Amino acid sequence: MLDLIGKANGNTRVDGTRGYALSRDYVASVLRLAGYKVTIQPFEFEFEGYKTPPVLKRTAPEPKAFAHVTEFHEVGASSAGTVTAPVQAVDVVLPPPATPGSTSGCEASDFAGFTAGNIALVQRGTCDFALKVANAVAAGASAVILFNEGQPGRTTARVNPGIGENVSVPVFFTSFAVGDELASKPGTTVSLSFDKLVETRTTSNVIAESRWGRGDNVVVAGAHLDSVQEGPGINDNGSGVGGVLEVALQMAKHKTGNKVRFGFWGGEEFGLLGSQYYVDHLSEQDKANIALYLNFDMIASPNFVYQVYDGDGDVFGVPGPEGSAQIEKDFQSFYASRGLQSKASEFDGRSDYKAFIDAGIPGGGLFTGAEKVKTAEEAAIWGGTAGIEYDPCYHAPCDTIKNIDDTALDVNSDAIAMLMGTYAFDTEAVNGIHAPGKAHKAAATRAAVVHDHDKVELS
């Protein structure tokens with residue numbers, strides 16, 4: 001259904017659009033029909049995007065258009081504008097050094113001889129992007145094209161550079177291949193356009209809670225409901241929504257010892273806004289009544305790796321609140337029970353669990369990968385293709401129903417069902433609260449939910 005909503009609404013489900021509103025209404029309606037108490041929680045946010053998709057094309061020597069998102073993207077802090085001008089490379093290193101080391105644009109002297117009005121082509125390297133852009137603007141550049149440096153891990157357009165505030169010219173970031181091509185062809189002229197849009201919009205969260213179970217030990221699972229403007233967001237994060245929603249529908253058939261609550265968050269792509277708004281508007285007692293929070297953001301990446309948030313911090317050095325280590329252990333045990341390997345994923349606040357763990361609530365969850373490149377070692381364990389991203393369509397128009405790995409979606413939905421079916425009756429291992437005599441009900445519930453959910457509906 002989310003894929004169909006995206007197709008019918010400009011290929012996006014971004015906050016503040018009809019595509020998001022229909023996604024919200026769909027999720028809310030099926031949860032109400034299942035018997036949950038459903039709350040729509042609206043909030044305002046600052047939308048930053050564009051009216052029409054940005055354009056980058058070479059006009060000479062041979063015309064060529066580059067693909068938005070996968071080959072280039074706009075940098076949001078830059079100005080709007082349309083520019084057609086010669087490209088002038090600034091102290092770039094081609095071929096790139098074996099290790100990161102380009103100082104392109106780091107010194108004002110790099111722009112000696114720069115022709116005012118040209119588009120500055122600047123390579124990623126050893127100094128801040130903001131300094132490179134400031135030097136280019138001071139030299140009279142009409143626009144700035146930053147490009148990735150070229151070493152392994154520094155090739156794609158998947159970088160969101162910080163360039164400061166109130167930059168007076170359009171700034172784009174490209175892959176190494178695009179930058180290399182622009183730098184290597186003498187007489188290159190480029191036309192670029194960024195039709196920027198900034199305005200206040202309203203979006204909302206969807207919260208569904210069971211009508212049974214103890215309210216002082218609530219088990220919460222969540223997933224962000226919004227997509228980026230560039231695409232319909234079916235892996236990111238229709239996959240998480242689909243897994244959580246289907247488990248919620250199956251759990252509605254069972255009266256659990258603890259209340260269960262499901263959150264579908266708006267505004268994640270604009271800075272984890274919906275989950276933060278939700279937690280900020282809980283009373284201290286409401287926060288204390290939450291036993292734990294489980295987060296599911298991208299659980300069906302086409303080049304997937306089974307990853308579990310590093311709740312104990314033993315891999316990345318940043319543990320979650322007390323109880324998070326047990327959640328990680330329980331997810332690891334699930335994979336082991338299926339004869340599958342899993343690995344730790346940074347518990348670094350990148351997704352909607354951040355507001356919960358910042359409030360001291362135990363947290364955990366799953367992740368199958370986004371823009372990072374799969375290693376040969378990972379491909380040997382989980383299959384797929386080494387040397388390309390876990391999700392080549394991450395934040396791109398091609399993140400459609402065709403961008404889902406059904407096996408990963410099925411396995412991870414079973415993991416959601418297994419842990420929710422357990423914690424819905426007994427969270428003693430996580431927070432010390434024991435539900436006597438409930439073990440057999442927990443086992444029966446999780447088995448039934450895992451068996452019944454069968455297929456997750458995203459199309």
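Since we're looking at a predicted model, the values are computed, not measured. Numbers here are sequence positions counted from 1.
- Salt-bridge annotation for R201 and E46: absent, with no side-chain N of the basic residue lying under 4.0 Å from a carboxylate O of the acidic one.
- Side-chain atoms of S102 and E149 include no donor-acceptor pair closer than 3.5 Å.
- Residues L94 and F176 are in side-chain contact: their nearest non-hydrogen atoms beyond the backbone lie under 4.5 Å apart.
- No donor-acceptor pair closer than 3.5 Å links the side chain of S191 to the backbone N or O of K57.
- No salt bridge links E48 with K196; every basic N to acidic carboxylate O contact stays at or beyond 4.0 Å.
- At distances below 3.5 Å, at least one donor-acceptor pair connects side-chain atoms of D399 with backbone N or O atoms of N235.
- Side-chain N/O atoms of R154 and N148 include no donor and acceptor closer than 3.5 Å.
- Residues S79 and F194 are not in side-chain contact: their nearest non-hydrogen atoms beyond the backbone lie 4.5 Å or more apart.
- Proximity of a side-chain donor or acceptor of Y20 to a complementary backbone N or O of S204 within less than 3.5 Å is detected.
- Salt-bridge formation is not detected for the pair E62/K64: no Lys NZ or Arg NE/NH1/NH2 atom is positioned less than 4.0 Å from an Asp or Glu carboxylate oxygen.
- Side-chain atoms of E269 and H395 include a donor-acceptor pair closer than 3.5 Å.
- Without hydrogens or angle criteria, D410 side chain to D406 main chain gives no donor-acceptor distance under 3.5 Å.
- The closest side-chain heavy-atom distance from V171 to E74 is not below 4.5 Å.
- Using modelled atom types, no side-chain atom of T174 and backbone atom of V178 make a donor-acceptor pair closer than 3.5 Å.
- For the pair G238 and L2, the tightest heavy-atom approach, listed with the atom from each and the gap, is CA-CD1, 3.8 Å.
- Contact detail for V247 and M420: the closest heavy-atom pair is CG1-CB, 4.4 Å.
- Counting only N and O atoms by type, the side chains of E371 and Y390 include no donor and acceptor under 3.5 Å apart.
- Contact between T70 and A396 at its shortest, heavy atoms only, is CG2-CB, 4.4 Å.
- The main-chain N or O of T385 is found under 3.5 Å from a side-chain atom of N303 such that the two form a donor-acceptor pair.
- Side-chain contact, S301 with D391: no donor N or O sits under 3.5 Å from an acceptor N or O.
- The two residues V430 and A291 come nearest to each other via the heavy atoms CG1-O, 4.4 Å.
- Counting only N and O atoms by type, the side chains of N295 and Y293 include a donor and acceptor under 3.5 Å apart.
- Looking at heavy atoms from C-beta onward, V411 lies out of side-chain contact with I299 at the 4.5 angstrom threshold.
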Checklist entry - Please walk me through it: do K132 and D128 pass salt bridge (charged side-chain N to carboxylate O under 4.0 Å, His left out)? => result CA-CA 7 Å; K132 295 173 183 285; D128 290 345; over 6 Å; no

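- Using a 4.5 Å cut-off on side-chain heavy atoms (C-beta onward), N135 and E107 make no contact.
- Contact detail for F367 and S345: the closest heavy-atom pair is CD2-OG, 3.5 Å.
- F129 has its side chain within reach of R124: a pair of non-hydrogen atoms, C-beta onward, lies under 4.5 Å apart.
- When atom types are taken as modelled, the side chain of S78 and the backbone of P170 share no donor-acceptor pair closer than 3.5 angstrom.
- Checked against the 6.0 Å centroid threshold, F47 and F270 count as a close aromatic pair.
- N237 places a side-chain N or O within donor-acceptor distance of the main-chain N or O of M298, the cut-off being under 3.5 Å.
- One finds no salt bridge joining E389 and K372 here, because no Lys/Arg side-chain nitrogen approaches an Asp/Glu carboxylate oxygen to under 4.0 Å.
- With 3.5 Å as the limit, one finds a donor-acceptor pair spanning the side chains of Y423 and D330.
- Using modelled atom types, no side-chain atom of N205 and backbone atom of G263 make a donor-acceptor pair closer than 3.5 Å.
- A salt bridge links R338 and D414; the closest N-O separation between the charged side-chain nitrogens and carboxylate oxygens is under 4.0 Å.
- Remark: aromatic rings of Y50 and H68 are close, center separation under 6.0 Å.
- Checked by atom type and distance alone, the side chain of T59 pairs as donor or acceptor with a backbone atom of T189 at under 3.5 Å.
- Between W382 and F304, the distance separating the two ring centers is not shorter than 6.0 angstrom.
- L225 approaches V27 most closely through the heavy-atom pair CD1-CG2, 4.0 Å.
- Here side chain to side chain donor-acceptor pair (under 3.5 Å) pairs that include residues 310-322, with residues two or more places apart or in two chains, number zero.
- The aromatic ring centroids of F347 and Y353 lie less than 6.0 Å from each other.
- With a 4.5 Å cut-off on side-chain heavy atoms, R24 and I40 count as touching.
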